[in-house]
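Here is the naming used below: chain letters follow the sequence lines, and residue numbers restart at 1 for every chain. Nothing here was measured: the structure is a model prediction, and the numbers come from that model.
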2 protein chains.
Amino acid sequence: MQLANTFSALGNATRFAIVERLLQQGELPAGAFLDMNGVSPPAMSRHFKVLREAGIVNQRIDKQRRIYSVRPQAVQQISDWSISYRKFWENGLDRLAMALSEDV
Amino acid sequence: MQLANTFSALGNATRFAIVERLLQQGELPAGAFLDMNGVSPPAMSRHFKVLREAGIVNQRIDKQRRIYSVRPQAVQQISDWSISYRKFWENGLDRLAMALSEDV
DNA sequence: TTGGTGTTTATCAATTATGTTAATTAACAT
DNA sequence: ATGTTAATTAACATAATTGATAAACACCAA
C-alpha cells in the first residue's frame with residue numbers, strides 16, 4: 001500500500017514537525033524551518049525531498065525560494081483510512097468503557 | 001509528538017499489512033501471519049515487538065500462542081489528528097476542484 | 001522422557017536512514 | 001564582476017532497521 005510510504009515519511013520527528021507547522025501556518029519557504037532544533041540546511045533539504053517524494057508536500061519555486069505546502073490529499077488519505085476503521089475502534093472503546101465500568 | 005512514533009511503526013509495508021489484517025479480522029495469533037510474503041517467524045516476531053512498543057497492538061497470551069489485536073486508541077489517535085486538520089484539507093480539495101473546473 | 005508446535009531472543013550481516021562538511025546552482029544587489 | 005542569500009547536491013561517516021540462521025523457551029502430547 002502507498003499509505004505505508006506516507007506513514008514512513010511522517011514517522012520521523014523532524015518531518016512530522018515540518019508538516020504540522022505547514023498545516024498550521026500554510027505555505028512556507030524551506031528557510032523558515034532552519035530555527036528547528038539545530039537541523040542543518042542540507043538535512044532540512046533532504047527531509048523535504050522525502051516529503052515531496054511521498055506526495056505529502058508540494059514545492060513551488062519563487063525566485064531563489066522553494067516554498068512548501070501540505071497536499072490536502074495526503075491528509076485526506078490518512079483521514080479516510082483511519083475513519084474506515086472507525087466502527088472498529090468505536091466498538092473497541094465501547095468495550096473498553098464497559099470493562100472500566102464493570103466493577104461498579 | 002508521539003504520533004510520529006506511531007507513524008514510524010506503520011511506515012513499514014509488512015507491519016502495515018499486519019495491522020490492516022488485524023483491523024479486518026480482529027485478534028489473531030502471531031502464527032496466522034506466516035503466510036505473508038515469506039516473512040520468517042523471527043522477522044514477524046520483531047515486527048510485532050515494534051508494533052507493541054509503539055502502542056499499536058496488544059498482546060494476549062493463550063498457552064503457547066501470542067494473540068495480537070489492534071489497540072483502538074492507536075487508530076483513534078490518527079483519526080483525531082487528521083480530523084483536527086479537516087477544514088484545511090477540505091478547503092484545499094475544494095480549491096483544487098474549483099481550479100480544475102476553472103477552464104469551463 | 002522424547003518430540004512437536006508456536007514464538008521469541010541472540011547474533012551477525014546487509015541495507016537504509018540520517019547527519020556532517022564541502023561544493024554547486026540560482027537569483028539577486030552592489 | 002563580486003559578494004550574498006536561499007537552497008540543493010555530492011561525498012562520506014555513523015546509526016538504525018531489517019533480515020537470516022541458530023538457539024532457546026514454554027506448552028502440550030505421546
Side-chain angles (χ1 to χ4, degrees), chain A residues 1-22 25-71 74, chain B residues 1-22 25-71 74:
Chain A
M1 175 69 89
Q2 162 154 345
L3 241 196
N5 195 49
T6 300
F7 285 146
S8 173
L10 291 173
N12 168 280
T14 301
R15 287 193 297 267
F16 185 81
I18 289 173
V19 170
E20 284 241 287
R21 192 146 144 198
L22 286 175
Q25 307 183 15
E27 58 175 22
L28 288 170
F33 296 87
L34 294 178
D35 55 344
M36 278 176 56
N37 41 291
V39 187
S40 66
M44 194 53 79
S45 185
R46 296 179 91 222
H47 281 307
F48 276 116
K49 189 180 184 186
V50 172
L51 289 171
R52 249 186 288 127
E53 288 174 351
I56 294 172
V57 302
N58 207 293
Q59 186 194 60
R60 179 168 73 78
I61 297 181
D62 176 45
K63 323 279 174 173
Q64 325 95 298
R65 292 210 171 78
R66 308 301 141 99
I67 296 174
Y68 290 98
S69 56
V70 175
R71 292 184 65 239
Chain B
M1 174 69 91
Q2 104 179 26
L3 240 196
N5 195 49
T6 300
F7 285 146
S8 174
L10 291 173
N12 169 280
T14 301
R15 286 193 297 268
F16 185 81
I18 289 171
V19 169
E20 284 240 286
R21 191 146 144 197
L22 285 175
Q25 306 183 16
E27 59 176 21
L28 289 169
F33 296 87
L34 294 179
D35 55 346
M36 277 175 57
N37 41 292
V39 187
S40 66
M44 196 53 80
S45 184
R46 296 181 89 217
H47 281 307
F48 275 116
K49 191 181 184 185
V50 171
L51 290 171
R52 247 186 288 128
E53 287 174 353
I56 294 172
V57 302
N58 207 295
Q59 186 194 62
R60 180 167 73 78
I61 298 180
D62 177 45
K63 322 281 174 172
Q64 325 97 297
R65 293 211 170 77
R66 309 301 140 101
I67 297 174
Y68 289 99
S69 56
V70 175
R71 291 184 64 239

Exercise for review: Sequence neighbours left out, what pairs pass side chain to side chain donor-acceptor pair (under 3.5 Å) with at least one residue falling in residues 38-48 of chain A?
Suggested key: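 Listed by first then second residue: A:R15-A:H47.
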By side chain to side chain contact (heavy atoms under 4.5 Å, CB included), which residues pair with [X], not counting sequence neighbours?
X     : value
B:L34 : B:P41, B:M44
B:E27 : B:R60, B:I67, B:S69
B:A17 : B:M36
B:D35 : B:R21

Point to revise | For B:R52, side-chain hydrogen bond (donor to acceptor under 3.5 Å, both in side chains) partners two or more places apart | key: B:Y68
Exercise for review: Please list, chain by chain and in numerical order, all residues satisfying side-chain hydrogen bond (donor to acceptor under 3.5 Å, both in side chains) with B:Q64, sequence neighbours excluded.
Suggested key: none
Revision key, fill the gap. Contacted region of DNA chain C by chain A, from 5' end to 3' end of the hits, cut-off under 4.0 Å to heavy atoms, spans C:dT18 to C:dC28
Review point. With sugar-phosphate meaning primed atoms plus P, OP1 and OP2, does A:F33 contact a base, only sugar-phosphate, or nothing at under 4.0 Å between heavy atoms?
Key: nothing
Exercise for review: Go along nucleotides 17-30 of chain D 5' to 3' and tag each nucleotide: B for a protein heavy atom under 4.0 Å from its base, S when only backbone or sugar atoms are that close, - otherwise.
Suggested key: -BBSBB----BS--
Check your understanding: Between B:I56 and B:A9, what is the shortest heavy-atom contact and its length?
Key -> CD1-CB, 3.6 Å
Review point. Rounded to the nearest 0.5 Å, how far does CG of B:N5 lie from CG of B:L10?
Key: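 It comes to 10.0 Å.
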Review point. To the nearest 10 degrees, how far apart in direction are the end axes of the helix from C:dT1-D:dA30 to C:dT30-D:dA1, each fit to five base pairs?
Key: 10°
Review point. Partners of A:F33 by ring-ring contact (aromatic ring centres under 6.0 Å, His included), sequence neighbours excluded?
Key: A:F48
